[in-house]
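In what follows, a single structure is set out as structure tokens and then discussed.
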Amino acid sequence: NKDRIGLEDDMGETKKRASFSGKVGFVLAAASSAVGLGNIWRFPYLAAEYGGGTFLLIYLILAVTFGFSVMITEIAIGRKTGLSVVGAFKAIDKRFAFCGLLGTVIPVIITPYYSVIGGWVTKYIAVFVTGQGHAAAQDGYFSSYIAEPVQPILWFAVFIVLTAVVVALGVEKGIEKASVIMMPILLLLSLVIAIYSITRPGAGAGIIYYLKPDLHKMTGKTVLAALGQLFYSMSLAMGIMITYGSYMKKTDNLESSVRQIEFFDTLVAFLAGLMIIPAVYVFSGGDESAMGAGPGLMFITLPKVFDTMTGGHFIGAAFFILVFFAALTSSISLMETIVSILMDKFKWKRRGTTVLVTIYCIAVGIPSSLGFGIWSGVKPLGMDILTFFDFISNSVLMPIMAFVTCIFAGYIMKPAAICEEVEQEGVKFRFRKFYSVMIRFVAPIGIIGILVSSVAASLGVFSW
Ligand code: TRP
């Protein structure tokens, strides 16, 4: 049954396109790429840092406007051309061939540091499985762990090698099947932990902080952070959704698929914030500086939550295992993108290419890890090395890529062509007018405005 062949069966191997087994298959595959560390690790610490409810509100508004439009566009381009990012733009207009390069550079930047965080998650599985959950709940545990020169790099290596083995053997399908079971369990467990967190004494102020917008706190930086987070979390603005779209059947409803992927992705992020942010208040006694913990926030806060819970150490282990799988499906999809582009371009073999990409990732991931310890003096743009890579991809390159995608769809292909792709087989595009205005005017102008204003503000602060 040809229709039942999954996404990876022919990725990079042949030019023939198989398709997902129906809409549910498509939504689940795209959602399992989208749901990952972006939702669970990154969203809560940004929300904490950028004013809680203010960030949440901006994020939600951007999701249903910019996010919706860009995701529709990417999937439609993919389904229309049947190509991945490298070929799709070029096939429609040669002048936009550089988008293929831009869409390749972004995963090349993300994959190494993504796997460093994957290594932190793997370490925390070990911590909870070996019964050291109580130690991990102590102040300073996490920061002294990531400051170590060797151990975090070893766990990072474990994570990236696991990713590479799956990519090298081409067995992503098995992992994806597992993640389809894991994702609902992760959602359920997050709900349980979130309910526990928000019912702790002292959580009230944290709940208000997380849910109540305070528009005085709205700055250009907040909006850019939310925009970058949106693209990152939904795997947009790097062409990956073009690839997914190229495998989508013409008979599947594109618009409602997009809405479901967005809903699911946002729900996971929202729950992650609810688990973590009120708990920060509970354990720091409302100390505002605890909100600015940055990339470590989840690893600092959740062990404290688990430590006070009955059966918390078991729940902690289960939680980190589930997050591990969510991270692994994303890192596999990220690495697969790089590997398949190289294979197509240079006609290389899968295994050799994977080894090469892995060596590259380790080489670039090591500085990101050391930036929290012995290289903490290296501060490009005033950030630690990992945050710097994260900033370049999410706050600079992704908005540029999204902007170009809007221009491409709005003025080269024209919204009518995208809408026609959405309206296959007599399906109506409910937000057709809204989409056309978004993609031509609101989204591109908004993205450029946000980008220019905040990059200008942060320029000239390079220091060692
Ligand atoms: N969305 C993923 C997450 O939230 C990260 C990501 C960005 C990604 N782009 C991707 C994953 C492309 C797979 C493919 O963790």
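What you see is a predicted model; the values in this text were computed from it and never measured. For ligands, and for the atoms within them, numbers begin at 1 and follow the listed sequence.
- Looking only at side-chain heavy atoms (C-beta outward), Met234 and Ile261 stay at 4.5 Å or farther from each other.
- With respect to atom 11 (C) of ligand 1, the closest heavy atom belonging to the protein is Ser33 O, 3.4 Å.
- Judged by distance alone, the side chain of Asn39 and the main-chain N or O of Asp265 form a donor-acceptor pair under 3.5 Å.
- Taking the side chain as every heavy atom from C-beta outward, Glu255 and Phe68 approach each other to under 4.5 Å.
- Taking atom 14 (C) of ligand 1 as the reference point, the nearest protein heavy-atom neighbour is Ser333 OG, 3.2 Å.
- The shortest N/O to N/O separation between Leu37 and ligand 1 falls below 3.5 Å.
- Protein heavy atom in closest approach to atom 15 (O) of ligand 1: Tyr114 OH, 2.6 Å.
- A heavy-atom distance below 4.5 Å is not found between the side chains of Ile117 and Met298.
- Scanning the protein for heavy atoms near atom 9 (N) of ligand 1, the closest one is Met238 SD, 3.0 Å.
- Atoms of ligand 1 lying under 4.0 Å from any heavy atom of Asn39, numbered from 1 in the order shown and given with element: 4 (O).
- Of the inter-residue distances, the one linking Ser393 atom OG with Tyr113 atom OH reads 4.0 Å to the nearest 0.5 angstrom.
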key: CA sep, side-chain torsions, deciding dist, call: Trp120, Tyr145, ring pair (Phe, Tyr, Trp, His ring centres under 6.0 Å)   = CA-CA 9 Å; Trp120 295 356; Tyr145 167 67; 7.9 Å; no

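- In this structure, of Ala326, Ser393, Gly118, Ala34, the residue bringing a heavy atom nearest to atom 3 (C) of ligand 1 is Ala34.
- Nearest to atom 7 (C) of ligand 1 among the protein's heavy atoms is Tyr232 O, 3.3 Å.
- With respect to atom 8 (C) of ligand 1, the closest heavy atom belonging to the protein is Ser235 OG, 3.3 Å.
- With contacts defined as side-chain heavy-atom distances shorter than 4.5 Å, the pair Phe89/Leu83 does not qualify.
- Close approach to Ser233 involves these atoms of ligand 1, each under 4.0 Å from a residue heavy atom: 1 (N), 4 (O).
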